[in-house]
Each structure stands twice: as C-alpha cells, then as structure tokens.
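Just below is one structure, and these are the notes that go with it.
Not measured: the values here are computed from a predicted model.
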Amino acid sequence: MTDTSNARPAEGEAQAPRQSRLLRLMRYLPLIAPVLLWAVPCWVLLFTGQHWPLPVTVAGTALFVLGLAAMPLAMMRGHGRRQQDRAAIIGDTLLGGSWVLFTWSVLLGILLRLALTVAGVGQSEDRARIVTWAVLGVSAALLAWGYVEARRVPRVRRLDVPLPRLGAGLDGLRVVLITDTHYGPLDRARWSARVCETVNTLEADLVCHTGDIADGTAERRRAQATPLATVQATEARVYVTGNHEYYSEAQGWVDLMDELGWEPLRNRHLLLERGGDTLVVAGVDDVTAESSGLVGHRAHLAGALDGANPELPVLLLAHQPKFVDRAAAAGIDLQLSGHTHGGQIWPFHHLVRLDQPALAGLSRHGVRTLLYTSRGTGFWGPPFRVFAPSEITLLVLRSAQQR
C-alpha cells in the first residue's frame, strides 16, 4: 500500500501558486482586454504586409488609438457614478464593435490567409489586403445585422415541457417567460410596449419575468418599464430579481413591479390551481442579493418552499442557471432562468459556459429537475446580437397522467 499523505500537501502547495498567479492575472484583465481588442485588429489590418500608403497607415492607426482611449473613458462615465446615458451608448457601441472586429481579425487573419497561401492566390501583399477587406466587410455586415437583431421585437419560441408529477388538470398550462429586458441608456419604451403586445397574443395562464429588468434605478427607467402593466395572464404575473437590480437599488424595482401588478416572488411561493390539481410557483432572489447589503435580500430556496406540500410539482424562478444545483438537490421539477443572453455576441458564449451550466434551451439536471434557460428578451450593453437571437418563450406544460 502506498502512503499518499505526504504527497497531497505538496500537490496542494503546487496548485496554490498557480491559482495565485491566475488571480493576479484576472486583476489586470480590465486593463489588458481593451488593449487587445484594439491592438490586434490594428496590427492585422494595417501592419501585416499590406504596405498601405503612409496617409492610410497613419489615419488607420489614429482611429484605433482613438477607439482605445475613448471606449474605457465612455464606459466609466456611462456606467460609473455619473451614469451618463450618452456616454454609455458610445462606450457600449465601441465595446461591441471592437469585440466583433477583434474576433474576425483573428479568425480571418489566420484561416483566410492560410487558405489563400495554400491556394497560391496572389503575392503576400495581395493576400494581406484581401484579408483586410474581408475582415472589414464581415465585421460591418455582422454589426449591422446584430443591431437589427438586438432592436427588434423577439420572436416567440414555443415548446412543450413534460413534467411527470404535473396533474392532469394542469395539462396544457401556458407559461410565458420574458427576461433580461435591460431597459437602459437607449430609450426602448416603444419596444417595451410592442413586447407586451406580443406576450398578450399568447393567451398565457402564467407570465414570468426572471430579472435584469433594467440598467438604472426604477425611477430613472420607469417610462420603459411601465408597459409591463399591460401584460395579461389568466392566473398570475410573477417576477424575481436579477443581478442587475442589485446594481440599481433593487428594492425600488421590487416596489415598482408590485405597483405594476406583478407579484415579486422574493423567496416565497404561490399556488396555481386548475382542474383539481395544484402547481407550486416559487421564486428566489438572485444569488448576488446577499452580497448587496440590502436587508432581507438573499437567495433562500427553503424559505421559498416553506409550507408547500412536498408532493406537489414545483416551478421555480431563479435568474441565474447556476442555481439549478440547489434546485436539483431540492427536487424541483422545472427551473426558469435567463442571465446568459445566449452569449449575445458570438463567440462570447464560450466565456459564459465557464460560469453557467447551461447557455440556452431545455436541459436536465439530476433525476427530476429540468432547466429552461432563455436567451433573453433584450440586450445588455452593446446594442448587438450576433448568432444569439433574443426570445419570448411560450412553454406549454404537459402532464404524463394526461398522456
């Protein structure tokens, strides 16, 4: 038998410096990321063998330097203490544009150049210029398309969700999910009204909003949120907080949603009854609530289910998909979440997957629990959605007993 008691501490000591170095690197990420987002496209488009005339090189370099300086400054003025909407719009747009330009500078800068070289197309300078124009063309097309995708009323995504414990009387229950509306610097009051009109065409029994209503306080974004009062449901309209509420006086949003006729499910539940059967509809505060310092705000699943019959099926609203570990441990039947935006601008979804167990759609966790993750109804920050379309979701709950 080999004694490993001495080896384990040594292994732990070896891992500790690696984790420490990673944490130190993460601290510098806000400084490194903007430089990479602007420097890499500048290098790929101007200095990798194109031999542009001097005025073109100077003007192009000046534009990249201006973008590098303006983006963080506008972001700080827009999302910092000053909360200047115009600055936020400029900073967010530059962030989205630089991300798309960076992504395709890397992809086409490597893959297209390699393909052209293998195919023997032109001289080195010709290939470099083809790559430059391809990157600019693809980036411009994606940003234009992404802007339209972000600003349009989301398409309705419909799916049946089988819940084995759901009573036959509740078979066909229509649940509409909206989330991550993110009312913000761009005034979207008309868009909000059109979203609510679309929801009302779905003849919902239950309408759910799983948080991140807005970026800004309830007082500041009231005009954009007010159309939510027009949403219709035969049984209930329910809401839980998202992490962005806790950046913007979350209690104000809870109070406003209550004023607009929605029921904030802050670690509590209600019962939905039909045809002699009952569904527990529960909700929890976002997982960031406790660190917000607001008294009484925390994600407390036991409190949300307190007094509910454990034999009844449970529909849980929780803003972030990663809450599903606790939901599965408690035997929840279905959790509805948002937060991920489906990645919003490809390929950001790879980074989202590092933090969340699901990106979008229906997934199973544990023996019983299903999780539906919405790609979101609005957008955050950059007014673009690239390969991550927004959605209004209609989930029709199906009973195994009925089938």
Side-chain angles (χ1 to χ4, degrees), residues 153-154 156-157 174-184 188-189 191-202 204-218 221-248 250-270 272 281-289 297 299 304 315-321 323 334-342 360 371-380 390-395:
V153 174
V156 176
R157 185 177 187 190
R174 297 168 72 85
V175 179
V176 171
L177 171 62
I178 59 175
T179 184
D180 299 275
T181 43
H182 283 286
Y183 304 126
R188 285 181 286 149
W191 174 87
S192 178
R194 291 172 64 198
V195 166
C196 295
E197 290 170 3
T198 301
V199 169
N200 288 339
T201 66
L202 301 178
D205 299 303
L206 176 69
V207 181
C208 308
H209 194 308
T210 53
D212 277 8
I213 293 179
D215 295 293
T217 63
R221 308 301 183 201
R222 172 183 284 268
Q224 296 183 55
T226 297
L228 291 172
T230 67
V231 169
Q232 300 169 6
T234 60
E235 301 292 341
R237 298 173 296 173
V238 292
Y239 154 75
V240 293
T241 57
N243 57 304
H244 278 249
E245 277 86 325
Y246 292 98
Y247 308 148
S248 309
Q251 189 58 48
W253 280 109
V254 173
D255 295 340
L256 179 58
M257 290 298 279
D258 186 43
E259 178 186 327
L260 296 177
W262 292 66
E263 293 199 43
L265 294 182
R266 295 200 48 250
N267 305 315
R268 68 183 189 90
H269 70 270
L270 54 83
L272 198 158
V281 181
V284 292
D285 292 339
D286 184 62
V287 294
T288 60
H297 285 255
L315 168 65
L316 175 69
L317 276 62
H319 178 64
Q320 299 196 40
F323 195 82
L334 174 62
Q335 175 180 317
L336 303 183
S337 299
H339 185 67
T340 68
H341 298 202
L371 165 68
Y372 185 82
T373 306
S374 169
R375 291 187 297 253
T377 310
F379 61 86
W380 175 85
S390 55
E391 66 178 81
I392 295 168
T393 317
L394 172 60
L395 302 106

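- Considering only residues two or more places apart in sequence or on other chains, Thr230 meets the side-chain hydrogen bond (donor to acceptor under 3.5 Å, both in side chains) condition with none of them.
- Asn267 pairs by the side-chain hydrogen bond (donor to acceptor under 3.5 Å, both in side chains) definition with Asp285, not counting sequence neighbours.
- Residue pairs meeting the salt bridge (charged side-chain N to carboxylate O under 4.0 Å, His left out) criterion with at least one member in residues 221-230, sequence neighbours excluded: Asp85-Arg221, Arg222-Glu259.
- Between Pro227 and Cys196, the closest heavy-atom pair is O-SG, 3.3 Å.
- Applying the salt bridge (charged side-chain N to carboxylate O under 4.0 Å, His left out) test to residues at least two apart or on different chains, the pairs with a partner in residues 205-216 are Asp205-Arg274.
- Under the 4.5 Å side-chain criterion, counting only non-hydrogen atoms from C-beta, Leu371 is in contact with Ser337.
- Listed for the Ser192 side chain is a donor-acceptor partner under 3.5 Å among the backbone atoms of Gln224.
- The side-chain contact (heavy atoms from CB on, under 4.5 Å) check on Thr377 picks up Pro154, Ile178, Thr181, Trp191, Val195, Ile392, with sequence neighbours excluded.
- With sequence neighbours excluded, the residues forming a side-chain contact (heavy atoms from CB on, under 4.5 Å) with Thr217 are Glu219, Arg220, Glu249, listed by chain and number.
- The line from CZ of Arg188 to NE2 of His182 is 8.5 Å long, rounded to the nearest 0.5 Å.
- Expressed to the nearest 0.5 Å, how far CZ of Arg268 lies from CD of Glu263 amounts to 5.5 Å.
- Across all non-hydrogen atoms, the minimal contact from Thr179 to Gly211 is OG1-O, 3.5 Å.
- Taking CG of Leu315 as the start and CG of Leu395 as the end, the distance is 8.5 Å to the nearest 0.5 Å.
- Interatomic distance, CG of Asn243 versus CG of Asp286, reported as 5.0 Å (0.5 Å rounding).
- Within the 3.5 Å criterion, the main-chain N or O of Ala229 finds a donor-acceptor partner in the side chain of Arg237.
- Partners of His339 by ring-ring contact (aromatic ring centres under 6.0 Å, His included), not counting sequence neighbours, listed by chain and number: His319.
- Judged as a side-chain hydrogen bond (donor to acceptor under 3.5 Å, both in side chains), and not counting sequence neighbours, the contacts of Tyr372 are Arg157, Glu391.
- Between the side chain of Asn200 and the backbone N or O of Gln232, at least one donor-acceptor pair lies under 3.5 Å.
- Within the 4.5 Å cutoff, no side-chain heavy atoms of His244 are placed close to those of Trp253.
- Not counting sequence neighbours, Glu197 has no partner by the salt bridge (Lys or Arg N to Asp or Glu O under 4.0 Å) test.
- Considering every non-hydrogen atom in both Leu256 and Ala225, the closest pair reads CD2-CB, 4.3 Å.
- Scored by the salt bridge (Lys or Arg N to Asp or Glu O under 4.0 Å) test, Arg174 finds no partners at all (sequence neighbours excluded).
- Side-chain atoms of Leu336 and Val175, non-hydrogen and from C-beta on, do get closer than 4.5 Å to each other.
- Nearest approach of Val153 to Thr198, heavy atoms of both residues: CG1-OG1, 3.5 Å.
- Taking both residues in full, the closest heavy atoms of Ala218 and Gly252 are given as CB-O, 3.6 Å, listed atom of the first, atom of the second, then distance.
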Checklist entry - Checking side chain to side chain contact (heavy atoms under 4.5 Å, CB included) for the pair Tyr183/Leu228: CA distance, chi angles, key distance, verdict? => result CA-CA 12 Å; Tyr183 304 126; Leu228 291 172; 3.9 Å; yes

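- For His269, the ring-ring contact (aromatic ring centres under 6.0 Å, His included) criterion is met by no residue, not counting sequence neighbours.
- Contact detail for Thr241 and Glu245: the closest heavy-atom pair is CA-OE2, 3.9 Å.
- Ile213 CD1 to Trp262 CH2: the interatomic distance, rounded to the nearest 0.5 Å, is 8.0 Å.
- Remark: Thr340 pairs with no residue by the side-chain hydrogen bond (donor to acceptor under 3.5 Å, both in side chains) rule, at least two apart or across chains.
- With Trp380 contributing its side chain and His341 its backbone, the two residues share no donor-acceptor pair below 3.5 Å.
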